[in-house]
Amino acid sequence: MSTPAPILVWFRNDLRLHDHPALRAAADSNASIIPVYLHCPESEGAWPQGSASNWWLHHALQDLATQLEKKGSQLILRSGKDPLVLLQNLCQETGAHHIYWNRRYEPEAIQTDTRIKTALPGKSFPGDMLWEPHAVHTQSGGPYKVFSPYYKALQQKGEPPEPLPEARSWQHPQTFPPSESLTQWALLPQTPWDSAFLDHWTPTLQGAKTQLNLFLDESVAHYKTLRDSPSKSGTSRLSPYFHFGQLSPRTVWHEAGNDESNGHEAYIRQLVWRDFAKQLLFHFPHTDTQPLQEKYASFPWLKNPDALKKWQQGQTGYPLIDAGMRELWTTGWMHNRVRMVVASFLVKDLLISWQAGAAWFWDTLVDADLANNSFGWQWAGGCGADAAPYFRVFNPILQSKKFDPQGTYIRKWVPELRSLSDAHIHEPWNAPSPPATYPAPMVNHAEARDRALDALASIKK
DNA sequence: AGGCCCTTCGC
DNA sequence: CGAAGGGCC
């Protein structure tokens, strides 16, 4: 009896063992499994992973390798220019006849996967969405561009596929091919800007599980009201786990989604936004760099490196904006409400392009995800699908008073303002003696708002 | 998933 | 003279 040829299971944005369709299918086949991860930053088009994401990736891979070792397996690391070449080499070295992977939906990934499938015996499985893009379309067969009907359509489909349980065990090859060393990939920063990251995150599968359970036990019931308060832990904080696939949306849907309470439905709605963004990038593959609404291609954005830098460093003089930008820099994450406010400020008050904002988020967020990032910034810029109309300009002072009324979030991230009263913390320039170390507002919001509306008028049809 | 400004209405 | 509601950007 000859043993079947081994199967390469190619891990990508699915760094987990549970609900992993490719791994499960390989395990069920009785062939031996060689798990591989390929690091090909140059093949990933215009969007190689950012610095904060690389930090997370390092830890997630280390953890995945450990979990695989507990099963008697090994994670094989290879790096190079082209994943096709690396997979070809691995097939030759190991005698593997099949490569299994879970699908990705970004334009670059689709091109690469298609190229690999024509050259090698690859088999792909459903990726990290509740419903894959081809499973959802409008009456006329096209993609949805508005969230509400998309959400309705998903509700009518009912439960997404059941998550697959983790395979208990599977066959291993007698010898594994050589692996590169994770340390040599130098994913961790050279200068220690990540010093606080481990205080805020546990970037492992156990960390994902713990955070999900914490959220389901303590926060989800009040999600609808608490999710907008940046000083409270009312959001799920699961985004990086989703991005790296340490959690599967199907798993989370089934753990959170069968409860009819307000909080659960509100949370599932957010999971659907995630699918919505992914299907948009899938159907409109240029929207990582180009506005979905064409008339915005001629929008008169300002090139203003000094202003951009003040925004990036949290030195705009608007407390809520600066708190958010500093939270981002320190922890690799920012509360969703604050993301909307800082984005509106960059795009509308400073008239700096949403692409410049997206690039900064891409490099600094541990949850940076091409579909979510592109969609979110186009939404803020008013040029995307179901976007906030451009004339909807967030007032950074009102948003601050409304969502951080006691200034708790501001005091946490902008220590210069800690001693101000609640009455002055949102507008420190009105305080009797404004802190000398905190900058004056870099723009007057009322004037900036008028300027933004004038700019909008200039591109109107 | 806004906000500004004006009107109206209640006190 | 503040709150509430609507038109508009």
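Naming convention: chains lettered A, B, ... in sequence-line order (proteins, then strands); numbering from 1 in each chain.
When the side-chain contact (heavy atoms from CB on, under 4.5 Å) test is applied to A:Ser233, no partner is found at least two apart in sequence or on another chain. Shown here are the side-chain contact (heavy atoms from CB on, under 4.5 Å) partners of A:Asp363, two or more places apart in sequence or in another chain: A:Ser51.
Following rounding to the nearest Å, A:Phe394 (CZ) and B:dG3 (C1') show an atom-to-atom distance of 10 Å. Atoms CG (A:Leu453) and P (B:dC5) sit 11 Å apart, rounded to a whole Å. As rounded to whole Å, 11 Å separates atom C1' of C:dC9 from atom CG of A:Asp454. One can place CZ of A:Arg392 at 18 Å from P of B:dC5, the figure rounded to the nearest angstrom. Rounded to a whole Å, the CG atom of A:Asn395 is 12 Å from the P atom of B:dG2. Atom CG in A:Asp228 sits roughly 8 Å away from atom P in B:dG2 (whole-Å rounding). A:Lys348 has its NZ atom 11 Å from the P atom of B:dG2, to the nearest Å. When rounded to the nearest whole Å, the span between CG of A:Asp450 and C1' of B:dG3 equals 12 Å.
Contact annotation: A:Arg449 does not reach the phosphate of B:dC5 (side-chain N/O to OP1 or OP2, under 4.0 Å).
Within the 4.0 angstrom heavy-atom criterion, no nucleotide atom of any strand lies near A:Leu456.
Distance CZ/A:Arg227 to CZ/A:Arg269: 9.0 Å, rounded to 0.5 Å.
Salt bridge present: A:Lys278 and A:Asp369 bring a charged side-chain N and a carboxylate O closer than 4.0 Å.
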